[in-house]
Amino acid sequence: MWEPSIKTANCLAKCYLLLAIYLAFVVWVFYFAGIKNAFLLSALDILLHYGGYLAHLAVGFLAGYILMGVRSRQTQAARLEIQAILNITLWAISVSIGNSFLVATVGKSMNMPYMIGFFKQSGYAIWFLYFIMIAESIGAAGVLLHFKFKMGILASIGLVLIMLGAIYTHWHNNDSFSDSYAAVSQLINLSIILLLYYLEKQVTPKPADTQIYVV
C-alpha cells in the first residue's frame with residue numbers, strides 16, 4: 001500500500017475537501033437549477049458520477065491512513081499532524097453526507113404526491129413521511145455542525161437507523177437492489193464518519209496531556 005508523506009496526505013485531504021464542496025454545488029445545480037439543455041445535463045451527470053468515485057476512493061484511503069497514523073505515531077508533533085489531516089477529512093465527509101441528506105429532503109418535498117403514495121404502499125402513515133424528512137434534516141445539520149456542537153455522533157447514528165429502515169422497506173416491498181443502492185452507499189459513508197469521530201477522540205489532547213505544573 002502506498003504510504004504518502006504527511007505533507008502529501010494533507011494535500012490529498014484538502015483536495016478531497018474541495019471535491020466535496022464542488023460536488024455539493026453541482027448536485028444542487030443538476031437537480032434544482034431547472035436546466036433543460038440535454039448536453040449540459042449529461043455533462044453534469046458525468047461529473048457527478050466520476051467525481052463521486054474519486055470522493056469514495058479519497059475518503060476510503062484517508063480513513064485508512066489516519067487509522068494507521070493514530071496507531072503508529074506516538075510523538076506529540078506527529079499526532080498533531082494526523083489531527084490536522086483528520087479535521088480536514090471530517091469537514092469534507094461532513095459536507096458530503098450533510099448535503100446529500102438535505103438534497104434528499106428537498107427532493108422529497110418537491111415530489112410529495114409520489115412520496116405519499118410510496119409510504120402508503122409501504123404500509124406507513126403519512127405523518128411518518130414528515131417525521132423522516134424532519135429527522136433527515138436534523139441529522140444533516142448535526143453532521144454539518146459537529147465541530148460547533150459535537151452532535152455528529154448522535155446525528156450519524158440516527159441517520160444510520162433511517163438508512164437501515166429504508167433498506168428494510170425496499171426489501172419488504174420486493175424492490176430491486178438498485179432502489180437500495182443510495183441507502184447502502186450512505187451507510188458506508190456513515191460508517192466511515194463514525195470511525196473518524198472515534199479517531200478524533202483518540203487524537204484530541206487530554207487535559208492531563210496539556211496540564212502545566214508549577215513548582
Side-chain angles (χ1 to χ4, degrees), residues 19-53 55-56 59 91-146 148-149 151-194:
L19 177 61
I21 295 172
Y22 160 77
L23 290 175
F25 173 76
V26 173
V27 164
W28 285 96
V29 172
F30 182 79
Y31 287 107
F32 306 116
I35 298 175
K36 303 298 182 182
N37 185 281
F39 174 79
L40 183 56
L41 286 173
S42 178
L44 290 174
D45 183 57
I46 291 173
L47 290 174
L48 285 173
H49 188 73
Y50 290 100
Y53 282 148
H56 288 141
V59 70
W91 268 113
I93 195 172
S94 297
V95 169
S96 177
I97 292 176
N99 180 74
S100 63
F101 277 100
L102 290 177
V103 169
T105 301
V106 174
K108 288 184 180 71
S109 67
M110 296 178 65
N111 295 276
M112 289 303 290
Y114 170 79
M115 293 306 305
I116 290 173
F118 175 77
F119 268 66
K120 284 184 176 180
Q121 177 188 351
S122 303
Y124 299 127
I126 302 303
W127 67 263
F128 189 62
L129 168 60
Y130 293 103
F131 170 79
I132 291 296
M133 293 172 64
I134 294 172
E136 286 183 344
S137 299
I138 294 175
V143 169
L144 288 170
L145 299 175
H146 169 73
K148 179 68 174 179
F149 300 107
M151 295 293 293
I153 296 177
L154 290 177
S156 297
I157 292 175
L159 293 173
V160 165
L161 295 176
I162 294 175
M163 291 301 96
L164 289 174
I167 294 173
Y168 169 78
T169 299
H170 287 299
W171 172 80
H172 182 266
N173 293 346
N174 293 319
D175 297 330
S176 63
F177 177 76
S178 60
D179 292 334
S180 299
Y181 175 78
V184 172
S185 178
Q186 289 290 18
L187 277 179
I188 295 173
N189 286 331
L190 290 166
S191 299
I192 292 175
I193 200 172
L194 285 170

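One-based numbering along the sequence shown.
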Is there a side-chain contact between [X] and [Y], using heavy atoms and a 4.5 Å cut-off?
| X | Y | value |
| --- | --- | --- |
| Tyr124 | Ile132 | no |
| Tyr22 | Leu19 | yes |
| Tyr130 | Met112 | yes |
| Met110 | Phe32 | yes |
| Phe30 | Ile35 | no |

To the nearest 0.5 Å, tell me how far [X] [atom1] sits from [Y] [atom2].
| X | Y | atom1 | atom2 | result |
| --- | --- | --- | --- | --- |
| Ile157 | Leu194 | CD1 | CG | 6.0 Å |
| Glu136 | Leu159 | CD | CG | 7.0 Å |
| His146 | Ile93 | NE2 | CD1 | 12.0 Å |
| Ser122 | Leu129 | OG | CG | 10.5 Å |
| Lys108 | Ile116 | NZ | CD1 | 13.0 Å |
| Asn189 | Ser156 | CG | OG | 10.5 Å |

Expected output: side-chain [X] to main-chain [Y] donor-acceptor under 3.5 Å:
| X | Y | answer |
| --- | --- | --- |
| Ser191 | Leu187 | yes |
| Ser185 | Ala182 | no |
| Asn111 | Tyr114 | no |
| His56 | Gly52 | yes |

Grab the two heavy atoms, one from [X] and one from [Y], that are nearest each other, plus how far apart they are.
| X | Y | result |
| --- | --- | --- |
| Ala183 | Ile167 | CB-CG1, 3.7 Å |
| Phe119 | Ala125 | CD2-O, 4.3 Å |
| Leu190 | Phe101 | CD1-CZ, 4.4 Å |
| Val95 | Ala20 | CG1-O, 4.0 Å |
| Gly139 | Ala155 | O-CB, 3.4 Å |
| Ser94 | Leu144 | O-CD2, 3.3 Å |

Please step through side chain to side chain contact (heavy atoms under 4.5 Å, CB included) for the pair Asp179 and Asn173, ending with a clear verdict. CA-CA 11 Å; Asp179 292 334; Asn173 293 346; over 6 Å; no
So, do His170 and Phe118 have ring centers that fall under 6.0 Å from each other? yes
State whether the number of non-hydrogen atoms from other residues, nucleotides or ligands found under 6.0 Å of Trp171 atom CH2 is greater than 12. no
CE (Met133) with more than 12 external heavy atoms under 6.0 Å: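 Enclosed.
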Should the ring pair His172 and Tyr168 be called parallel, tilted or perpendicular, given that the plane angle runs from 0 to 90° and is split at 30 and 60? tilted
